Amino acid sequence: MSIWVGIFLLFVLRTDGRSSRYHRYRISPLTGERIALPTPDQLEWQAQELGVLIHFNMATYVEQHDACPNDLVPSTSRFNPYLLSTDNWVQTMIDFGAKYAVLVAKHNCGFLLSPTNVTFPLNPSGEVVPYNYTVNYSPVKGVDILDEFVKSCYKQKIQTGFYYSTVINNYLNVQNDTLKEGQLNITQQVYTNIVLSHLRELWTNYGNLEEICFAPGTLDTIAKMLAELQPHANVFGGSDVTANSIRWIGNELGHAPDPTWSTGTSSGGGDPNSPIFCPAECDTTLQVFDRWFWGPHVLLRPLPDLIDVYHRTVGRNCLLMLDLTPDRSGIIPPEYANRYKELGDFIRSCYGSSVRPSIQNSSADFLTYMLVFNAPVSVDRSVIQENQTRGQVIRAYTITVLIAITKDQSEWTEVATGTSIGNKKIDLWKKGTLLVRAVKLNITKTVDVPVLKSFTVHLCA
Ligand SMILES: *[C@@H]1O[C@H](CO)[C@@H](O)[C@H](O)[C@H]1NC(C)=O
Ligand SMILES: *[C@@H]1O[C@H](CO)[C@@H](O)[C@H](O)[C@H]1NC(C)=O
Ligand SMILES: *[C@@H]1O[C@H](CO)[C@@H](O)[C@H](O)[C@H]1NC(C)=O
Ligand SMILES: *[C@@H]1O[C@H](CO)[C@@H](O)[C@H](O)[C@H]1NC(C)=O
Ligand SMILES: *[C@@H]1O[C@H](CO)[C@@H](O)[C@H](O)[C@H]1NC(C)=O
Ligand SMILES: *[C@@H]1O[C@H](CO)[C@@H](O)[C@H](O)[C@H]1NC(C)=O
Ligand SMILES: *[C@@H]1O[C@H](CO)[C@@H](O)[C@H](O)[C@H]1NC(C)=O
């Protein structure tokens, strides 16, 4: 069951046409092609690499279901996180290495994790009632979970964001068939007003948000509100409402295509020739079977699977947004916390430091970079980062290494080839671990003078 797909489809219906007013590009001095330019907010966002998407809401309390199926409106009395600790959530983010966290403020049930002042008229009586399907009508009344979350993250310099699903709201019967228990009858116009009022509260009361996810019903109003309230937020699927747009990778497996470009707005690997800079985000689960909310007896994905996910996301120029699921008591269960830490430990030990060359030089045209070692070293992979300040320009590259065969004999051999680099490209060498005297990166196709941020080699196997 996918929470993103519904949201995503709404965006797809509104394509590139209007986007140009928010996006900038330059013309390549070499080829005349358009090179999409990023905003500083997009580059900062992309450099984070690791984030979490926190699924903790009424659906956490629904038996054996990942969302809120069949128009269910569970009673607010069920939402009782008696051990709630957002500091505990943040400890797991640190152990994993997450730099940002997006919390599901409202999901399909309609339940809101914060109090709200929004009121609305019922259909047909016109009686004005409060939006009372919130944490403030639950056993933990008085707690604003969004506020606690933002404060805990702020203490550890973790950027924050909110997800607010608009496609489904059981409480307000958005699907609009017959009214079931707990559902209220309202008009479409009233629904639109409620969504806009909620977004205004979310975007006003909790400081600067780094990423926001929602489905824009009324684009112009949303665009104005964004510009006014959260001008620096990166908007998931938001290429029609802001220059700070980011895109969905197109699946929930944690597998970005190779190549994945920083440009292009449709989901998937993007388009190197698009004039729109719109980097990709790869959201996936820790639990098996694409399960987003905590579930009793749900298994966790094994560590090797998650390491593979890291290489197929961060290693392919995509942000890894891993699901984080507090249980019904309101904390991360210990075995879950442990798996996040195992993955974080792997990333830190493998990529936290590199095998240092004694000479690091580039050719005059910047198309060849070399790492030269005094004595042969064992390495099995390389990491390339492009400086995308003036756009993503590299289109293809090869990596060759000088293998030490005997004490005096060496030979060059190719270990990797690729196309998109962008924020980061990790190549696990096809020949495994090699004893090398030098490593050479050749940029074989580019639309402007390439600027590298880093080129390193590692031994992890
Ligand atoms: C509701 O209104 C009160 C009074 O204006 C204000 O203090 C409070 O912050 C508002 N709550 C929300 C969730 O916006
Ligand atoms: C919420 O408001 C509706 C409509 O006024 C009402 O029927 C319902 O009893 C209220 N629920 C709670 C928990 O206050
Ligand atoms: C909601 O109210 C309208 C207006 O009175 C009515 O026509 C409609 O049947 C009601 N919807 C439901 C699902 O009861
Ligand atoms: C429900 O359907 C009726 C009839 O098509 C429509 O007038 C009304 O606006 C719809 N309400 C919602 C909340 O979608
Ligand atoms: C880097 O330095 C090495 C050793 O001095 C030299 O052989 C090599 O050609 C240089 N590479 C580049 C790209 O300039
Ligand atoms: C790499 O570039 C050098 C010149 O900079 C060239 O001699 C060599 O053939 C290139 N290798 C590949 C694999 O393109
Ligand atoms: C990237 O390049 C820009 C100039 O285009 C430079 O100002 C900036 O310092 C570079 N950043 C890194 C991390 O190399």
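Atoms within a ligand are numbered from 1 in the order they appear, just like the ligands themselves. In this text, all values refer to a predicted model and were calculated from it rather than measured experimentally.
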Inset, instruction - Check ligand 3 against Pro124 and write out every atom of the ligand that is under 4.0 Å from a heavy-atom position of the residue. - result: 4 (C), 5 (O)

Legend entry - Residues in the immediate environment of ligand 1 (any heavy atom closer than 4.0 angstrom): Pro115, Asn117, Glu201, Asn205

Inset, instruction - Please check if any side-chain donor atom of Asn57 sits under 3.5 Å from a side-chain acceptor atom of Tyr163, or the reverse. - result: no

Legend entry - Contacts of Lys431 that satisfy salt bridge (Lys or Arg N to Asp or Glu O under 4.0 Å) - sequence neighbours left out: none

Legend entry - Contacting atoms of ligand 5, where contact means under 4.0 angstrom from a heavy atom of Ser363: 13 (C)

Inset, instruction - Determine whether the side chains of Asn123 and Thr187 contain a donor N or O and an acceptor N or O closer than 3.5 Å. - result: no

Let me check something: any side-chain donor-acceptor pairs from residues 193-202 under 3.5 Å, sequence neighbours excluded? List them with distances.
| unit_1 | atom_1 | unit_2 | atom_2 | d |
| --- | --- | --- | --- | --- |
| Asn193 | OD1 | Gln189 | NE2 | 3.2 |
| Ser197 | OG | Asn193 | O | 2.7 |
| His198 | ND1 | Tyr164 | OH | 2.7 |
| Arg200 | NH2 | Glu228 | OE1 | 3.4 |
| Glu201 | OE1 | Thr116 | OG1 | 2.7 |
| Glu201 | OE2 | Thr116 | OG1 | 3.3 |
| Glu201 | OE2 | Asn117 | N | 3.0 |

Legend entry - Leu179 contact mode with ligand 3 (heavy-atom cut-off under 4.0 Å): both

Inset, instruction - Compute whether any side-chain donor of one residue and acceptor of the other, for Ser262 and Asn317, lie under 3.5 angstrom apart. - result: yes

Extract all donor-acceptor atom pairs below 3.5 Å that involve side chains of residues 452-461 and protein atoms in other chains or at least two apart in sequence.
| unit_1 | atom_1 | unit_2 | atom_2 | d |
| --- | --- | --- | --- | --- |
| Ser454 | OG | Gln385 | OE1 | 3.3 |
| Thr456 | OG1 | His458 | NE2 | 2.8 |
| His458 | ND1 | Cys350 | O | 3.2 |
| His458 | ND1 | Ser353 | O | 3.1 |

Inset, instruction - Using a strict cut-off of less than 4.0 Å between a Lys/Arg side-chain nitrogen and an Asp/Glu carboxylate oxygen, indicate whether Glu414 and Lys430 qualify as a salt bridge. - result: yes

Legend entry - Polar contact flag, side-chain donor to acceptor under 3.5 angstrom, Asn208-Gln159: no

Inset, instruction - Compute the shortest N/O to N/O distance between Thr368 and ligand 5 and return yes if it is under 3.5 Å, no if not. - result: no

Inset, instruction - Could you tell me whether some N/O pair between Thr178 and ligand 3 is separated by less than 3.5 angstrom? - result: no

